[in-house]
Amino acid sequence: MQCLVVADVCLDYGLDRIQYSAFLGDLAVTHQEELMLKLKKVLGKKEGNIQLFPLCARDWAARKVIANGGSGDKAG
């Protein structure tokens, strides 16, 4: 049940679910910090592993995507 709460926080920040426990989106640095603080609070003392990987514009542009169906890359 805890995973659903973490997922809800990510979705509230406008992130897109790309896998069951993986989310993707564009957040300003201040929103990244705020999100991580909220997730840390939600996780509390429960077991978990939350990681945030910031990507620069160059790395984002160089990504490779194969997407079928409605859960793919919206940017094209």
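Contact check for L15 versus L35: side-chain heavy atoms found under the 4.5 Å cut-off. Side-chain atoms of E33 and V29, non-hydrogen and from C-beta on, do get closer than 4.5 Å to each other. Under the 4.5 Å side-chain criterion, counting only non-hydrogen atoms from C-beta, C10 is in contact with L39.
For the residue pair Q19 and R17, the shortest heavy atom distance occurs at O-CG, 2.8 Å. The two residues F23 and I18 make their nearest non-hydrogen contact at N-CG1, 4.2 Å. Scanning all heavy atoms of the two residues, the minimum distance from H31 to Y13 falls at O-CE2, 3.8 Å. Counting all heavy atoms, side chain and backbone alike, Q32 lies closest to L27 at NE2-O, 2.9 Å.
Within a 6.0 Å radius of CG in D26, other residues, nucleotides and ligands contribute 12 heavy atoms or fewer.
With sequence neighbours excluded, no residue satisfies side-chain contact (heavy atoms from CB on, under 4.5 Å) with E47.
Of the inter-residue distances, the one linking R63 atom CZ with L55 atom CG reads 9.0 Å to the nearest 0.5 angstrom.
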